[in-house]
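The next block holds one structure in the form of structure tokens; read it before the comments.
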Amino acid sequence: MTSFENRFTRMFGIEHPIVQGGMQWVGRAELVSAVANAGALGFITALTQPTPEALAQEIRRCRDMTDRPFGVNLTTLPTINPPPYAEYRDALISERIRIVETAGNRPTEHLESFRAAGVKVIHKCTSVRHALSAERLGVDAISIDGFECAGHPGEDDIPGLILIPAATRKLSIPVIASGGFADGRGLVAALALGAEGINMGTRFLCTQEAPVHEAVKARIVEADERATDLIFRTLRNTSRVQRNAVSTEVVEKEKQGASFEQIRDLVSGQRGRKVYETGDLDYGIWSVGMVQGLIHDVPTVRELVERIMSEARQIVANRLPGLLATSAHPVTA
Ligand code: NAD
């Protein structure tokens with residue numbers, strides 16, 4: 001049953017207003033195709049692939065698993081080895097990808113190529129001013145990421161309850177609410193705040209199809225909302241990660257004034273990747289949001305999406321009208 005159709009679902013040709021945004025080492029064909037087949041919008045993470053050619057192959061692999069729309073995430077943030085962004089961009093354009101999620105810095109240098117190729121762009125950012133600037137540049141939608149989120153929340157520390165309505169009040173293009181979403185209650189709340197959908201990372205990481213070790217999923221189920229650390233605060237490249245031996249050591253070293261060079265080996269993405277592969281949870285840093293406190297199981301992607309939609313319908317159809325029906329005061333507006 002289709003419902004909650006809106007500008008966002010129509011613009012991107014999807015059934016449900018739910019997005020699985022970029023996740024380094026996780027956004028691979030297995031997960032993205034499952035999200036697409038469940039009627040939501042998934043993104044392959046470009047930089048998870050070692051080369052632009054490997055990205056092209058991953059896109060083809062995903063197409064073999066779904067005939068529904070999916071996109072590619074291109075994140076431009078500080079990296080230990082700067083990747084050839086323009087080559088990744090050209091690879092996804094050559095593979096006829098029509099939806100891109102940009103994140104990190106302003107997507108200015110890539111937008112002209114995307115536009116010329118008819119690619120729709122969702123820009124993910126963590127402040128209203130950056131969202132407005134991306135809207136002026138001509139992106140098609142904004143994914144606004146609150147302080148609760150996994151990975152890079154920016155430096156303003158504004159939680160979604162404030163950031164989402166602050167953004168939807170000023171933007172004209174569709175806004176997707178990101179950071180802290182895991183269930184139908186969150187979806188309805190996001191819609192009430194003026195967004196037209198939700199983006200989820202950690203919740204999709206904890207599904208059957210997510211290509212990560214079972215121990216990672218078990219840890220998310222077990223952990224509560226307090227078990228994250230903010231690293232790179234002192235470097236103004238803040239990142240929210242699962243609290244573990246490495247994150248604790250990094251926070252301690254930063255307190256003592258460590259430079260990036262002094263923590264580089266601890267925080268490298270290659271070590272984080274090993275956590276996902278081997279299930280050794282203390283081997284490196286791995287991104288997770290506060291929302292892990294709301295995650296209690298490891299469903300299939302389809303079960304998850306259907307559950308969120310049915311819970312959201314139930315709230316809108318039963319719980320919210322019930323509030324009006326029991327009101328002692330008649331509604332006049
Ligand atoms: P990496 O191994 O290059 O770096 C590890 C971490 O250190 C990253 O968080 C990175 O931002 C940070 N970092 C690197 N150089 C830095 C510097 N000079 N100063 C401050 N911080 C620095 O990263 P990776 O795991 O190979 O990931 C590649 C890129 O993708 C990184 O920029 C990462 O932040 C980003 N990323 C993307 C997603 C996504 O969803 N697309 C998710 C998480 C991270």
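Throughout, numbering of the chain's residues begins at 1 and tracks the sequence. All ligand and atom numbering here is 1-based and tracks the order in the structure.
Contact between Ser268 and ligand 1 is present, with at least one heavy atom of the residue lying under 4.0 Å from the ligand. Heavy-atom separations between Arg273 and ligand 1 are all 4.0 Å or longer.
The atoms of ligand 1 that sit less than 4.0 Å from any heavy atom of Phe232 are 6 (C), 7 (O), 9 (O), 12 (C). Near Gly22, meaning under 4.0 Å from any of its heavy atoms, are these atoms of ligand 1: 39 (C), 40 (O). Ligand-side atoms of ligand 1 in range of His152: 9 (O), 11 (O), 34 (O), range being under 4.0 angstrom from any heavy atom. Atoms of ligand 1 found under 4.0 Å from any heavy atom of Thr45, numbered from 1 in the order shown, are 41 (N). Short contacts between ligand 1 and Gly269, defined as distances under 4.0 Å to a heavy atom of the residue, involve ligand atoms 1 (P), 2 (O), 5 (C), 24 (P), 25 (O).
Side-chain contact annotation: Asn37 with Thr66, donor-acceptor N/O pair under 3.5 Å present. At a cut-off of 3.5 Å, with distance as the only test, no side-chain donor of Gln208 or Glu303 sits close to an acceptor on the other residue. Counting only N and O atoms by type, the side chains of Glu155 and Thr238 include a donor and acceptor under 3.5 Å apart.
Taking CG of Leu55 as the reference point, atom CD of Glu87 lies at 11.5 Å (rounded to 0.5 Å). Note that CD1 of Ile263 is 11.5 Å distant from OG of Ser268, once rounded to the nearest 0.5 Å.
For Asn73, a nitrogen or oxygen atom sits less than 3.5 Å from a nitrogen or oxygen atom of ligand 1, counting backbone and side chain alike. Where the criterion is an N or O separation shorter than 3.5 Å, residue side chain and backbone included, Ile80 meets it with respect to ligand 1. In terms of N/O distances under 3.5 Å, ligand 1 is not approached by Val267. At least one N/O-N/O distance between Gln24 and ligand 1 falls below 3.5 Å. At least one N or O atom of Met23 sits closer than 3.5 Å to an N or O atom of ligand 1.
Ring geometry for His152 against Phe232 counts as parallel: the plane angle stays under 30°, on a 0 to 90° scale with 60° as the upper cut.
The pair Arg219-Glu222 counts as a salt bridge, with a side-chain nitrogen and a carboxylate oxygen less than 4.0 angstrom apart. Classification of Asp145 and Arg240 as a salt-bridged pair fails, no side-chain N sitting under 4.0 Å from a carboxylate O.
Contact annotation: the side chain of Val301 approaches that of Phe204 to within less than 4.5 Å [non-hydrogen atoms, C-beta and beyond].
Protein heavy atom at the shortest distance from atom 11 (O) of ligand 1 is Pro78 O, 2.8 Å. The shortest contact between atom 21 (N) of ligand 1 and any protein heavy atom is with Asn237 ND2, 2.9 Å. Remark: minimum distance from atom 29 (C) of ligand 1 to any protein heavy atom is reached at Thr79 CG2, 3.5 Å.
Scanning all heavy atoms of the two residues, the minimum distance from Ile173 to Val139 falls at CD1-O, 3.7 Å. Residues Pro321 and Val316 approach most closely at CD-O, 2.8 Å, considering heavy atoms.
Only the side chain of Thr75 comes within 4.0 Å of ligand 1, judged by heavy-atom distances. Proximity of Arg264 to ligand 1, defined as any heavy-atom pair under 4.0 Å, is not found for any part of the residue.
Here atom 16 (C) of ligand 1 lies nearest to Phe260 when heavy atoms of Trp25, Phe260, Trp286 are compared.
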